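Following: one structure in C-alpha coordinates, then a few remarks.
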Amino acid sequence: MPEHKIFSMPFARVYPMYVQKAERKNRSRAEVDEIICWLTGYSQDELQAQVDQENDFRTFFAQAPDFNPDSELIKGVVCGVRVEDVEDPLMQKIRYLDKLIDELAKGKVMEKILRE
(Lines give C-alpha, C1' and ligand atoms only; values in the text may rest on other atoms or scores of the structure.)
Protein backbone atom coordinates (compact mmCIF):
# COMPACT_ATOMS: atom_id res chain seq x y z
CA MET A 1 0.00 0.00 0.00
CA PRO A 2 1.48 3.38 -0.95
CA GLU A 3 2.40 5.81 1.80
CA HIS A 4 0.12 8.74 2.46
CA LYS A 5 1.31 12.02 0.88
CA ILE A 6 0.99 14.00 4.12
CA PHE A 7 3.89 12.05 5.66
CA SER A 8 6.37 13.62 3.27
CA MET A 9 4.72 17.06 3.20
CA PRO A 10 6.74 19.79 4.93
CA PHE A 11 5.26 20.71 8.28
CA ALA A 12 6.13 24.34 7.41
CA ARG A 13 3.61 24.18 4.58
CA VAL A 14 0.72 23.18 6.86
CA TYR A 15 1.67 25.21 9.95
CA PRO A 16 0.50 28.55 8.46
CA MET A 17 -2.86 26.92 7.68
CA TYR A 18 -3.22 25.94 11.34
CA VAL A 19 -2.48 29.53 12.34
CA GLN A 20 -4.89 30.97 9.74
CA LYS A 21 -7.67 28.64 10.87
CA ALA A 22 -7.19 29.77 14.47
CA GLU A 23 -6.89 33.46 13.62
CA ARG A 24 -10.09 33.38 11.53
CA LYS A 25 -11.85 32.42 14.77
CA ASN A 26 -10.13 35.14 16.83
CA ARG A 27 -7.58 32.78 18.35
CA SER A 28 -3.83 33.41 18.23
CA ARG A 29 -0.64 32.00 16.79
CA ALA A 30 0.63 31.75 20.39
CA GLU A 31 -2.27 29.41 21.21
CA VAL A 32 -1.50 27.26 18.15
CA ASP A 33 2.14 27.08 19.23
CA GLU A 34 1.15 26.21 22.80
CA ILE A 35 -0.95 23.31 21.51
CA ILE A 36 1.82 22.03 19.25
CA CYS A 37 4.40 22.30 22.03
CA TRP A 38 2.08 20.54 24.49
CA LEU A 39 1.51 17.67 22.07
CA THR A 40 5.10 17.21 20.90
CA GLY A 41 7.29 18.45 23.74
CA TYR A 42 9.03 20.99 21.49
CA SER A 43 10.04 24.30 23.04
CA GLN A 44 9.04 27.45 21.15
CA ASP A 45 12.57 27.71 19.68
CA GLU A 46 12.59 24.03 18.69
CA LEU A 47 9.19 24.42 17.02
CA GLN A 48 10.44 27.42 15.06
CA ALA A 49 13.55 25.43 14.03
CA GLN A 50 11.31 22.65 12.67
CA VAL A 51 9.38 25.22 10.63
CA ASP A 52 12.59 26.89 9.41
CA GLN A 53 14.16 23.56 8.42
CA GLU A 54 11.00 22.61 6.51
CA ASN A 55 11.06 19.08 7.93
CA ASP A 56 8.32 16.78 6.71
CA PHE A 57 5.64 15.47 9.07
CA ARG A 58 7.48 12.17 9.52
CA THR A 59 10.63 13.96 10.69
CA PHE A 60 8.65 16.53 12.68
CA PHE A 61 7.02 13.83 14.80
CA ALA A 62 10.07 11.53 14.86
CA GLN A 63 12.16 14.32 16.36
CA ALA A 64 9.50 15.38 18.86
CA PRO A 65 11.30 15.42 22.20
CA ASP A 66 8.43 14.20 24.38
CA PHE A 67 5.16 13.27 22.70
CA ASN A 68 2.52 13.89 25.34
CA PRO A 69 1.16 10.68 26.89
CA ASP A 70 -2.13 12.51 27.54
CA SER A 71 -2.65 12.53 23.77
CA GLU A 72 -4.54 9.28 24.32
CA LEU A 73 -7.27 11.42 25.90
CA ILE A 74 -7.90 13.10 22.52
CA LYS A 75 -11.10 11.68 21.12
CA GLY A 76 -13.42 12.65 18.33
CA VAL A 77 -13.77 12.90 14.59
CA VAL A 78 -11.54 14.71 12.10
CA CYS A 79 -12.40 14.54 8.40
CA GLY A 80 -14.92 11.81 9.14
CA VAL A 81 -12.39 9.59 10.93
CA ARG A 82 -12.30 8.84 14.67
CA VAL A 83 -8.80 9.82 15.83
CA GLU A 84 -8.72 7.11 18.47
CA ASP A 85 -9.34 4.45 15.78
CA VAL A 86 -6.53 5.47 13.40
CA GLU A 87 -4.19 2.49 13.14
CA ASP A 88 -1.06 4.08 11.66
CA PRO A 89 0.84 5.73 14.55
CA LEU A 90 2.12 8.63 12.46
CA MET A 91 -1.28 9.33 10.92
CA GLN A 92 -2.81 9.20 14.39
CA LYS A 93 -0.37 11.87 15.63
CA ILE A 94 -1.23 14.07 12.66
CA ARG A 95 -4.95 13.57 13.35
CA TYR A 96 -4.43 14.39 17.04
CA LEU A 97 -2.88 17.70 16.01
CA ASP A 98 -5.70 18.38 13.55
CA LYS A 99 -8.28 17.66 16.25
CA LEU A 100 -6.64 20.01 18.75
CA ILE A 101 -6.50 22.83 16.20
CA ASP A 102 -10.17 22.18 15.36
CA GLU A 103 -11.06 22.45 19.05
CA LEU A 104 -9.18 25.75 19.28
CA ALA A 105 -11.00 27.12 16.25
CA LYS A 106 -14.34 26.03 17.71
CA GLY A 107 -13.71 28.16 20.79
CA LYS A 108 -12.81 25.57 23.39
CA VAL A 109 -10.84 26.91 26.34
CA MET A 110 -7.15 26.00 26.44
CA GLU A 111 -7.47 23.97 29.66
CA LYS A 112 -9.91 21.59 27.95
CA ILE A 113 -7.89 21.44 24.73
CA LEU A 114 -4.76 20.54 26.72
CA ARG A 115 -6.70 17.94 28.72
CA GLU A 116 -5.91 19.62 32.07
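Keep in mind that what you see is a predicted model, and the values were worked out from it rather than measured. This chain uses plain numbering: 1 for the first residue, then up along the sequence.
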Taking atom CZ of R115 as the centre, report whether more than 12 heavy atoms of other residues, nucleotides or ligands fall under 6.0 Å from it. yes
In this structure, OH of Y96 is separated from CZ of F67 (nearest 0.5 Å) by 7.0 Å
State the CG-CG distance between L73 and L114, to the nearest 0.5 angstrom. 11.5 Å
Would you say that more than 12 heavy atoms from the other residues, nucleotides or ligands in this model lie under 6.0 Å from the CD of E54, or not? no
Nearest 0.5 Å please: distance from the CD atom of E103 over to the CD1 atom of I74. 7.5 Å
Straight-line distance of Q53 CD to Q48 CD, nearest 0.5 Å: 10.5 Å
Nearest non-hydrogen partners of C37 and L47, listed with the distance: SG-CD2, 4.1 Å
Non-hydrogen side-chain atoms of M110 and I35 separated by less than 4.5 Å: yes
Looking only at atom types and distance, does a side-chain atom of Q92 sit under 3.5 Å from a main-chain N or O of E87, one as donor and one as acceptor? no
Give the intermediate values and the outcome of side-chain contact (heavy atoms from CB on, under 4.5 Å) for residues F61 and D56. CA-CA 9 Å; F61 282 110; D56 60 23; over 6 Å; no
When rounded to the nearest 0.5 angstrom, what is the spacing between CD1 in I94 and CG in D88? 8.0 Å
Would you call K21 and D102 a side-chain contact if the rule is heavy atoms closer than 4.5 Å? yes
When rounded to the nearest 0.5 angstrom, what is the spacing between CE in M9 and NE2 in H4? 8.5 Å
Can you tell if the side chain of C79 reaches within under 4.5 Å of the side chain of R95, non-hydrogen atoms only? yes
I'd like to know whether D33 forms a side-chain contact (heavy atoms from CB on, under 4.5 Å) with Y42, so could you lay out the CA-CA distance, the side-chain angles of the two residues, the decisive distance to 0.1 Å, and finally the verdict. CA-CA 9 Å; D33 290 355; Y42 284 117; over 6 Å; no
V77 and V81: same hydrophobic cluster, using ILVMFWY side-chain contacts below 4.5 Å? no
Quick check: do Y15 and I36 have side-chain heavy atoms less than 4.5 Å from each other? yes
Candidate pair K93 and L39, rule side-chain contact (heavy atoms from CB on, under 4.5 Å), full reasoning: CA-CA 9 Å; K93 290 176 181 178; L39 183 64; 6.0 Å; no
Exercise: identify the closest heavy-atom pair between A22 and L104: CB-CD2, 3.7 Å
Close side-chain approach of K25 to K106, heavy-atom, < 4.5 Å: no
Check the orientation of F11 and Y18. Use parallel for under 30°, tilted for 30 to 60°, and perpendicular for over 60°. tilted
Evaluate side-chain contact (heavy atoms from CB on, under 4.5 Å) for R13 paired with F57, printing each intermediate quantity in order. CA-CA 10 Å; R13 192 165 146 203; F57 269 97; over 6 Å; no
Name of the residue among K99, E72, K75 meeting side-chain contact (heavy atoms from CB on, under 4.5 Å) with E84: K75
